[in-house]
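In this chain, residues are counted from 1 in sequence order. Order of listing sets the numbers, starting from 1, for every ligand and every atom in it. The model shown is predicted, which means the values in this text are computed figures rather than measured ones.
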Amino acid sequence: MKIMSPFFVPPTATSVTPTVSLWSMSTLELPVLNQVSEPSAPSNGMKVYVETYGCQMNVNDSEIVLGVLHNQGYASAEHPDDADVILLNTCAIRDNAERKIHERLNHLKHNKRQNRDLVVGVLGCMAERLRTKLLDEKMVDIVVGPDEYRRVPELVETARGGEKAIAVKLSRVETYDDIVPLRTEGISAWVSIMRGCDKFCTFCVVPFTRGRERSRALQSVVDEAKSLWDSGFKEITMLGQNVNSYRDEVSGYDFADLLAATARAVPGIRIRYSTSHPQDMSDKLIDTMAEHDNICKYIHLPVQSGSNRILELMNRTYTVEHYMGRINRIKQVMPDCALSTDIIAGFCTETVDDHQRTLDVMRAARYDGAYMFAYSPRENTKAWKMGDDVPDEVKSRRLAEIIDVQNEIAKEINLGEVGKTHAVLVEGPSKRNAAEWKGRTDTNKLVIFPHIDQRGYVVGDTVHVTINRTTSATLFGELI
Ligand code: SAH
Ligand code: SF4
Ligand code: F3S
């Protein structure tokens with residue numbers, strides 16, 4: 001189960017993703033339009049439609065896959081019904097993420113009936129986890145893991161020749177840093193700075209589906225940020241499973257160095273990042289954030305549990321005391337920094353006392369937002385062998401309590417925003433009412449304000465808004 005809380009509808013501008021469900025790196029709000037783009041090579045007459053599920057890394061990966069396909073003459077389709085190739089870029093983090101894909105594949109039967117040449121592919125973490133098992137599904141023609149996206153055109157060709165195809169080798173070096181992701185119009189861009197994860201939390205499939213950690217060279221990220229700024233992007237979010245274990249292997253630069261170098265090279269752009277691991281949240285990183293105005297004062301720092309016993313079973317490699325030490329240091333150096341977290345309810349052997357400790361940490365850290373999940377056992381992880389002894393109804397009850405506490409805290413924090421004025425990066429009309437526009441603060445809070453034409457501001461401008469009303473999820477205000 002995934003519950004989204006407070007203000008987590010980040011700015012985004014990807015248009016490759018008609019269906020997105022996300023976890024901690026926050027949730028995607030779908031862009032204005034699912035844009036159709038023409039191929040960058042001579043057209044091969046084929047149209048591709050990519051649907052993205054999972055986290056923002058998958059969103060950026062879909063842009064990479066589209067970049068690869070466009071270089072081979074593919075155009076984007078506006079709708080799956082118009083496509084010659086439909087690719088589902090999938091997530092395997094929890095059981096329900098995979099169930100959704102099985103249902104979607106089932107629906108695509110209809111498209112296959114209408115177009116017998118249609119190629120259906122499964123990409124991403126579920127492809128890597130289930131491999132040939134997916135090829136057993138009648139609907140699926142190609143299966144491609146996260147490190148094999150350069151081969152998508154070749155695999156599509158094989159499928160068009162009538163044979164199923166699979167490529168799921170994980171790489172120690174692939175970062176796709178020479179591929180230009182196919183981003184369409186927007187003000188906010190995802191930039192993957194590293195891939196894979198070496199942390200091996202016992203509940204998590206990511207180290208298996210994404211392989212070992214590897215980072216892009218610092219200069220390639222800085223260059224990408226510069227070119228995004230030159231082409232009109234106002235904000236980037238650096239992505240990785242643990243961005244703070246980023247390391248440029250050649251120069252030895254770490255994540256704080258990368259942030260500082262980007263902040264200096266592109267002083268006008270807003271820089272965000274996600275996700276950071278508590279073990280690697282160094283003083284240097286916190287100080288670097290404080291030093292640069294264009295590094296957003298917002299940190300997603302997943303705690304998972306407030307019980308040291310559970311943290312150890314999870315192999316999270318920190319204690320609650322270490323975690324709270326990091327939170328306190330952040331608050332000391334950047335008193336206005338917003339914080340968010342991920343929490344898992346009902347991990348194996350979790351007692352009422354462990355659960356209470358999680359609520360205690362939430363009350364002590366006072367998160368602006370949280371992603372809260374019921375534990376979902378994943379085959380082949382270490383925790384799988386520990387069993388799943390917390391009954392579903394207990395998990396649900398604990399999760400509901402966690403959500404209640406979080407909502408209460410977020411409401412209180414947001415009430416404190418009334419009367420304050422924020423610089424808001426304008427994203428465009430709000431979903432509910434076109435007379436109102438929305439944008440986001442440096443601290444990643446969603447702000448709704450009346451749209452005043454005469455002021456002449458446009459998407460991508462920064463306006464100043466004084467907050468006059470709030471909920472646990474949103475701030476409302478007036479332009480000044
Ligand atoms: N790399 C990030 C998180 C990646 S997965 C980090 O370590 O912080 C995103 C979130 O999904 C995790 O933080 C965790 O809260 C949740 N999650 C991962 N595996 C899960 C599982 N098996 N059951 C329930 N939630 C899970
Ligand atoms: Fe999964 Fe842990 Fe890696 Fe995050 S740090 S991706 S939770 S193994
Ligand atoms: Fe992301 Fe899901 Fe894979 S959260 S890394 S797409 S398992």
Side-chain angles (χ1 to χ4, degrees), residues 1-4 17 20-28 51-62 88-98 100-101 122-130 145-147 170 190 192 194-213 239-245 273-281 299-305 310-311 313-318 323 340-348 350 358 370-384 386 388 390 392 395 398-399 402:
M1 183 195 241
K2 184 187 81 165
I3 305 292
M4 243 102 57
T17 51
V20 185
S21 73
L22 292 164
W23 48 262
S24 64
M25 288 173 168
S26 73
T27 316
L28 248 204
E51 284 182 21
T52 308
Y53 301 78
C55 60
Q56 282 100 332
M57 295 225 52
N58 260 13
V59 175
N60 190 226
D61 279 359
S62 290
L88 309 185
N89 192 5
T90 62
C91 174
I93 201 84
R94 284 167 289 274
D95 185 51
N96 57 3
E98 292 197 357
K100 216 184 289 172
I101 299 298
V122 179
L123 275 48
C125 291
M126 191 177 164
E128 191 62 49
R129 199 181 84 76
L130 295 177
D147 287 345
L170 288 171
W190 310 113
S192 299
M194 60 182 304
R195 300 180 71 84
C197 179
D198 288 349
K199 289 276 195 272
F200 287 94
C201 302
T202 55
F203 51 79
C204 184
V205 293
V206 172
F208 306 100
T209 62
R210 295 248 165 196
R212 298 291 58 74
E213 249 171 49
L239 297 178
Q241 291 301 344
N242 304 294
V243 283
N244 47 355
S245 56
Y273 65 84
S274 196
T275 302
S276 44
H277 193 286
Q279 192 199 11
D280 305 323
M281 182 48 74
I299 302 178
H300 183 68
L301 199 63
V303 66
Q304 313 297 0
S305 167
I310 295 290
L311 287 175
L313 281 178
M314 289 176 162
N315 189 33
R316 285 293 287 181
T317 67
Y318 54 82
Y323 183 90
S340 62
T341 199
D342 292 347
I343 294 172
I344 297 177
F347 187 69
C348 24
E350 187 187 75
T358 297
Y371 288 77
M372 301 160 280
F373 313 98
Y375 172 56
S376 166
R378 310 305 288 135
E379 215 174 340
N380 295 328
T381 57
K382 267 204 173 157
W384 175 261
M386 298 177 197
D388 179 26
V390 179
D392 281 351
K395 277 185 198 168
R398 289 182 189 167
L399 182 60
I402 287 170

Next item on the list: Could you tell me if the ring centre of Phe200 sits under 6.0 Å from that of Phe208?
Entry: yes
Notebook entry, point to check: Cys125 heavy atoms, cut-off 4.0 Å: which ligand 3 atoms fall inside?
Noted result: 3 (Fe), 5 (S), 6 (S), 7 (S)
Notebook entry, point to check: Of all the atoms in ligand 2, which lie at a distance below 4.0 Å from a heavy atom belonging to Phe203?
Noted result: 7 (S)
Checklist line | 2.8 Å cut-off met by an N, O or S atom of Cys201 to atom 1 (Fe) of ligand 2 | finding: no
Item checked: Main-chain N/O of Leu239 paired to Ser274 side chain as donor or acceptor, under 3.5 Å -> no
Checklist line | Approximate separation, where rounding is to 0.5 Å, of Met57 CE and Arg195 CZ | finding: 5.5 Å
Margin query: Show me which atoms of ligand 2 lie under 4.0 Å from any heavy atom of Phe200.
Written below: 8 (S)
Item checked: Option set Gln241, Lys199, Arg210, Arg316, criterion heavy-atom distance to atom 7 (S) of ligand 2, minimum -> Arg316
Notebook entry, point to check: Can you find an N or O of Asp342 that's nearer than 3.5 Å to an N or O of ligand 1?
Noted result: yes
Check: Judged by non-hydrogen atoms, does Arg210 sit under 4.0 Å from ligand 3?
Finding: yes
Margin query: Within ligand 2, which atoms have a heavy atom of Asn242 less than 4.0 Å away?
Written below: 5 (S)
Next item on the list: Classify the contact between Met57 and ligand 1 as side chain, backbone, both or neither, using a heavy-atom distance cut-off of under 4.0 Å.
Entry: neither
Checklist line | Residue, atom name and distance, where the atom is the protein heavy atom closest to atom 3 (Fe) of ligand 2 | finding: Cys197 SG, 2.2 Å
Item checked: Verdict with supporting geometry, Asp95 and Arg378, side chain to side chain contact (heavy atoms under 4.5 Å, CB included) -> CA-CA 7 Å; Asp95 185 51; Arg378 310 305 288 135; 3.8 Å; yes
Notebook entry, point to check: At under 4.0 Å between heavy atoms, which part of Pro302 makes contact with ligand 1: side chain, backbone, both or neither?
Noted result: side chain
Notebook entry, point to check: What residue and heavy atom of the protein are closest to atom 1 (Fe) of ligand 2, and at what distance?
Noted result: Cys204 SG, 2.3 Å
Notebook entry, point to check: How far does CH2 of Trp190 sit from CG of Asn58, to the nearest 0.5 angstrom?
Noted result: 12.0 Å
Checklist line | ligand 3 atoms in contact with Gln241 (distance to a heavy atom under 4.0 Å) | finding: 5 (S)
Next item on the list: Check each heavy atom of Ala374 against ligand 1 and say whether those closer than 4.0 Å belong to the side chain, the backbone, both or neither.
Entry: backbone
Notebook entry, point to check: Could you go step by step and tell me if Ser245 and Glu213 meet the side chain to side chain donor-acceptor pair (under 3.5 Å) rule?
Noted result: CA-CA 9 Å; Ser245 56; Glu213 249 171 49; 3.1 Å; yes
Next item on the list: Check the angle between the aromatic planes of Tyr318 and His277 and answer parallel, tilted or perpendicular using the 30° and 60° thresholds.
Entry: perpendicular
Notebook entry, point to check: Taking only heavy atoms of Asn58, which atoms of ligand 3 are found under 4.0 Å from at least one of them?
Noted result: 6 (S)
Check: Does Thr209 reach the main-chain N or O of Met126 with its side chain, forming a donor-acceptor pair under 3.5 Å?
Finding: no
Margin query: Please determine whether Cys91 has a backbone or side-chain N, O or S atom lying under 2.8 Å from atom 3 (Fe) of ligand 3.
Written below: no
Check: Does even one non-hydrogen atom of Ala92 get within less than 4.0 Å of ligand 3?
Finding: yes
Note to self: Between ligand 1 and Arg316, is the shortest N or O to N or O distance under 3.5 Å?
What the structure shows: yes
Margin query: If the test is side chain to side chain donor-acceptor pair (under 3.5 Å), which one of Asp280, Asn315, Thr317 qualifies with Lys199?
Written below: Asp280
Check: Can you tell me how far CE of Met372 sits from CD1 of Ile344, rounded to the nearest 0.5 angstrom?
Finding: 13.0 Å
Next item on the list: Any atoms of ligand 2 less than 4.0 Å from a non-hydrogen atom of Pro207? List them with their elements.
Entry: 8 (S)
Next item on the list: Go through the steps to decide whether Asn242 and Cys197 satisfy the test side chain to side chain contact (heavy atoms under 4.5 Å, CB included), and finish with yes or no.
Entry: CA-CA 7 Å; Asn242 304 294; Cys197 179; 3.3 Å; yes
Check: Closer than 4.0 angstrom: is that true for some heavy atom of Val206 and an atom of ligand 1?
Finding: no
Checklist line | Enumerated ligand 1 atoms positioned under 4.0 Å from heavy atoms of Phe203 | finding: 18 (C), 19 (N), 20 (C), 22 (N)
Margin query: I'd like to check whether His277 has a polar contact with ligand 1, where a contact means an N/O of the residue lying under 3.5 Å from an N/O of the ligand.
Written below: no
Notebook entry, point to check: Measuring from Thr90:OG1 to Lys100:NZ, what's the distance to the nearest 0.5 Å?
Noted result: 11.5 Å
Item checked: Interfacing atoms of ligand 1 (cut-off 4.0 Å, heavy-atom, Thr275) -> 2 (C), 8 (O)
Next item on the list: Determine whether the side chain, the backbone, both or neither of Gln241 has a heavy atom under 4.0 Å from any heavy atom of ligand 1.
Entry: both
Check: Should Met126 be listed as contacting ligand 3, given a heavy-atom distance under 4.0 Å as the test?
Finding: no
Checklist line | Part of Phe373 within contact of ligand 1 (heavy atoms, under 4.0 Å) | finding: side chain
Note to self: To the closest 0.5 Å, what do you measure between OG1 (Thr341) and OH (Tyr323)?
What the structure shows: 3.5 Å
Item checked: Nearest option to atom 14 (C) of ligand 1, as decided by whichever heavy atom of Gln304, Lys199, His300 sits closest -> Gln304
Notebook entry, point to check: Below 4.0 Å from any atom of ligand 1, is there a heavy atom belonging to Arg210?
Noted result: no
Check: Going through the distances and angles, do Ile299 and Met281 end up as a side chain to side chain contact (heavy atoms under 4.5 Å, CB included)?
Finding: CA-CA 10 Å; Ile299 302 178; Met281 182 48 74; 3.7 Å; yes
Margin query: Let me confirm one number: the NZ-OG distance from Lys395 to Ser376, rounded to the nearest 0.5 Å.
Written below: 7.0 Å
Notebook entry, point to check: N/O of Tyr375 under 3.5 Å from N/O of ligand 1, yes or no?
Noted result: no
Check: Got a salt bridge between Asp147 and Arg212, using NZ or NE/NH1/NH2 to carboxylate O under 4.0 Å?
Finding: no
Checklist line | Step-by-step side chain to side chain contact (heavy atoms under 4.5 Å, CB included) determination, Leu313 to Thr202 | finding: CA-CA 7 Å; Leu313 281 178; Thr202 55; 5.5 Å; no
